[in-house]
Amino acid sequence: MIQYLLGENPDIETALYLIQNRIYALKRSNTKQLIHISECNTSHLGFDLLEFVQLQEERFSNYKEVLQDKKRFYSVLTQEKRLGLDGVMGLLVYLKSIDYDQVVIDRCITSVLDNLVTVDNHLKGVRISDVSVSPYLFNGTAGIILGLMYIDFEKYYDEIIQLSKTLNMEYAQSGSFLYGMLGIAQVLLELYTYTKQDAYLYTARELIISSGILAKSDEELQSEYLFVAHQYSEIRKEDTACI
């Protein structure tokens, strides 16, 4: 497969076909089970943001006691240094799911956006240290975009489109879903589904291909690659069917 991905004009659908008979290690409940990929039902695959956030419920437990005091809650939340799905944005997605006060949610979103840092003179990013900014799903810009899409896509459309410019890349150091290219590709696929802007689909394709090359020697990354590549393939099939 790696020879194919490194060749000219590699196609995601063909890459998926080439790995149909490979063995993948899937992580389940802290154990790894070797299964044959042909036994997997991938037709249901999709990223459930709310389920992902709820898995971090323990991380948000410190805020539960102040939820009733909205003024205090806002004060406490704005002291949180983590702005992405690992922090403020993840909590706001959860609060949206339980119909918490939308005015407070919107005010907190404004605080998040105001605390993003400027990269390359015009792009916005999430500072994760004194020397680095993250574009990734779990702790970076991609996760903030996904959170805004969940909370109110139409209201935050302009902010989402502006932030999406930060994801315009074809390679990153890691291929992983949470901290690398596959998570960014996932968000780009979501953006394409909402907007039908071809640029998102093209960039997602390039990131998936780059991740596929890295996945050659990483069994856990292989399962994440399959997860996102399958969604890309399904989107392409739907687009073709509409022609």
Side-chain angles (χ1 to χ4, degrees), residues 47-50 52-53 55-56 59-60 77-78 80-96 105-195 197-208 210-211 214 224 227-228 231-232:
F47 182 63
D48 188 327
L49 177 61
L50 182 57
F52 175 75
V53 167
L55 291 174
Q56 306 173 65
R59 186 188 294 268
F60 304 136
L77 193 68
T78 53
E80 172 64 64
K81 294 182 179 179
R82 295 169 299 192
L83 301 179
L85 292 179
D86 62 336
V88 178
M89 188 55 68
L91 179 59
L92 295 180
V93 167
Y94 170 73
L95 294 179
K96 177 68 174 180
I105 292 176
D106 290 338
R107 190 180 177 197
C108 292
I109 288 174
T110 298
S111 177
V112 168
L113 296 175
D114 287 345
N115 279 281
L116 298 179
V117 298
T118 302
V119 183
D120 295 335
N121 297 322
H122 67 287
L123 301 178
K124 292 289 187 177
V126 179
R127 185 185 297 279
I128 57 174
S129 75
D130 291 338
V131 295
S132 59
V133 174
S134 171
Y136 302 126
L137 179 72
F138 190 47
N139 64 353
T141 310
I144 287 181
I145 291 171
L146 208 55
L148 292 176
M149 292 174 70
Y150 176 86
I151 292 170
D152 195 330
F153 178 78
E154 292 185 1
K155 180 172 185 175
Y156 292 106
Y157 177 83
D158 290 341
E159 290 81 359
I160 289 168
I161 298 304
Q162 182 63 33
L163 289 175
S164 71
K165 296 177 182 178
T166 308
L167 309 184
N168 185 23
M169 63 183 72
E170 295 182 3
Y171 189 80
Q173 290 183 337
S174 169
S176 81
F177 191 80
L178 294 183
Y179 301 104
M181 293 183 284
L182 288 173
I184 293 174
Q186 174 70 42
V187 175
L188 290 168
L189 292 177
E190 299 277 358
L191 282 167
Y192 175 76
T193 300
Y194 274 78
T195 68
Q197 293 185 23
D198 291 338
Y200 293 134
L201 193 63
Y202 172 82
T203 305
R205 173 184 178 274
E206 296 304 303
L207 290 170
I208 293 169
S210 297
S211 299
L214 296 178
E224 295 178 347
F227 177 85
V228 181
Q231 292 179 77
Y232 174 89

**Student:** For M149 and L191, what are the C-alpha separation, side-chain angles and deciding distance, and is it a side-chain contact (heavy atoms from CB on, under 4.5 Å)?
**Tutor:** CA-CA 9 Å; M149 292 174 70; L191 282 167; 3.8 Å; yes
**Student:** Return the CG to OG distance between L116 and S111, rounded to the nearest 0.5 Å.
**Tutor:**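 Output value for this atom pair is 9.5 Å.
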**Student:** Let's go through T141 and K124 carefully: what are the C-alpha distance in whole Å and the side-chain angles of both, what is the deciding distance for side-chain contact (heavy atoms from CB on, under 4.5 Å) to 0.1 Å, and is it a yes or a no?
**Tutor:** CA-CA 8 Å; T141 310; K124 292 289 187 177; over 6 Å; no
**Student:** Run the numbers on L167 and L207 for side-chain contact (heavy atoms from CB on, under 4.5 Å), then give the verdict.
**Tutor:** CA-CA 10 Å; L167 309 184; L207 290 170; over 6 Å; no
**Student:** Out of curiosity, T78 OG1 to D114 CG, how far, rounded to the nearest 0.5 Å?
**Tutor:**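 Going from OG1 on T78 over to CG on D114, the span is 11.5 Å.
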**Student:** Which atom pair, heavy atoms only, marks the closest approach of M181 to S211?
**Tutor:**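 Closest approach of M181 to S211, heavy atoms only: CB-OG, 3.3 Å.
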**Student:** Provide the closest heavy-atom pair for C108 versus L92 in the form atom of the first, atom of the second, distance.
**Tutor:**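 So the two residues come closest at CB-CD2, 3.7 Å.
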**Student:** Run the side-chain contact (heavy atoms from CB on, under 4.5 Å) test against V112 and tell me which residues pass, sequence neighbours left out.
**Tutor:**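 So V112 forms a side-chain contact (heavy atoms from CB on, under 4.5 Å) with L83, V88, M89, I144.
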**Student:** Once rounded to the nearest 0.5 Å, what's the spacing between atom CG of L188 and atom CD of E206?
**Tutor:**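 Rounded to the nearest 0.5 Å, the CG-CD separation comes to 11.5 Å.
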**Student:** Could you grab the distance from atom CD1 of I208 to atom OG1 of T203, nearest 0.5 Å is fine?
**Tutor:**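 Going from the CD1 atom of I208 to the OG1 atom of T203 covers 10.5 Å.
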**Student:** Hey, does L178 have a side-chain heavy atom less than 4.5 Å from the side chain of F52?
**Tutor:**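 SC-SC contact between F52 and L178 confirmed.
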**Student:** Can T195 and Y200 be said to form a side-chain hydrogen bond (donor to acceptor under 3.5 Å, both in side chains), step by step?
**Tutor:** CA-CA 9 Å; T195 68; Y200 293 134; 5.4 Å; no
**Student:** Checking K96 now: which residues fulfil side-chain contact (heavy atoms from CB on, under 4.5 Å) with it, not counting sequence neighbours?
**Tutor:**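 Q102, I105, Y150, I151.
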**Student:** Identify the two heavy atoms, one from V187 and one from A142, that lie closest to each other, and give their separation to 0.1 Å.
**Tutor:**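 Of all heavy-atom pairs spanning V187 and A142, the closest is CG2-O, 3.5 Å.
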**Student:** Could I get the full list of side-chain contact (heavy atoms from CB on, under 4.5 Å) partners for R107, not counting sequence neighbours?
**Tutor:**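 Y74.
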**Student:** Parallel under 30°, tilted from 30 to 60°, perpendicular over 60°: which one fits the rings of Y194 and F153?
**Tutor:**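 Y194 vs F153 ring planes: tilted.
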**Student:** Hey, what do you get for CZ (F138) to CG (L85), rounding to the nearest 0.5 Å?
**Tutor:**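 Reported to 0.5 Å precision, the distance equals 7.5 Å.
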**Student:** Could you work out, with salt bridge (charged side-chain N to carboxylate O under 4.0 Å, His left out) as the rule, every residue matching D106, not counting sequence neighbours?
**Tutor:**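 Only K155 meet the salt bridge (charged side-chain N to carboxylate O under 4.0 Å, His left out) criterion with D106.
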**Student:** Specify the closest pair of heavy atoms between V228 and A185, including all atoms of both residues, with the distance to one decimal.
**Tutor:**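 Residues V228 and A185, closest heavy atoms: CG1-CB, 4.1 Å.
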**Student:** Is there side-chain contact between L163 and L148, with heavy atoms separated by less than 4.5 Å?
**Tutor:**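 L163 vs L148: side chains touch.
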**Student:** Is the shortest heavy-atom distance from the side chain of L77 to the side chain of L91 under 4.5 Å?
**Tutor:**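 Heavy-atom side-chain distance check passes, below 4.5 Å.
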**Student:** Of all the heavy-atom pairs spanning S174 and S176, show the shortest one and how long it is.
**Tutor:**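 For S174 and S176, the tightest heavy-atom pair comes out as OG-N, 3.1 Å.
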**Student:** Search all heavy atoms of L214 against all heavy atoms of Q173 and return the closest pair with its distance.
**Tutor:**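 Shortest heavy-atom separation between L214 and Q173 comes out as CD1-O, 4.3 Å.
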**Student:** Would you compute the distance between atom CG of D198 and atom OH of Y192 and round it to the nearest 0.5 angstrom?
**Tutor:**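 Separation between the atoms: 5.5 Å.
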**Student:** Using the test side-chain contact (heavy atoms from CB on, under 4.5 Å), find all partners of Q162 that sit at least two apart in sequence or belong to another chain.
**Tutor:**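 Q162 satisfies side-chain contact (heavy atoms from CB on, under 4.5 Å) with K165 once adjacent residues are dropped.
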**Student:** Using side-chain contact (heavy atoms from CB on, under 4.5 Å), reason through L137 and Q186 one step at a time and then give a plain yes or no.
**Tutor:** CA-CA 9 Å; L137 179 72; Q186 174 70 42; 5.6 Å; no
**Student:** Among all residues two or more places apart in sequence or in another chain, which pass the salt bridge (charged side-chain N to carboxylate O under 4.0 Å, His left out) test with E80?
**Tutor:**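 Only R82 meet the salt bridge (charged side-chain N to carboxylate O under 4.0 Å, His left out) criterion with E80.
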**Student:** Any side-chain heavy-atom pair from V93 and L49 closer than 4.5 angstrom?
**Tutor:**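 Result yes, sub-4.5 Å side-chain heavy-atom pair found.
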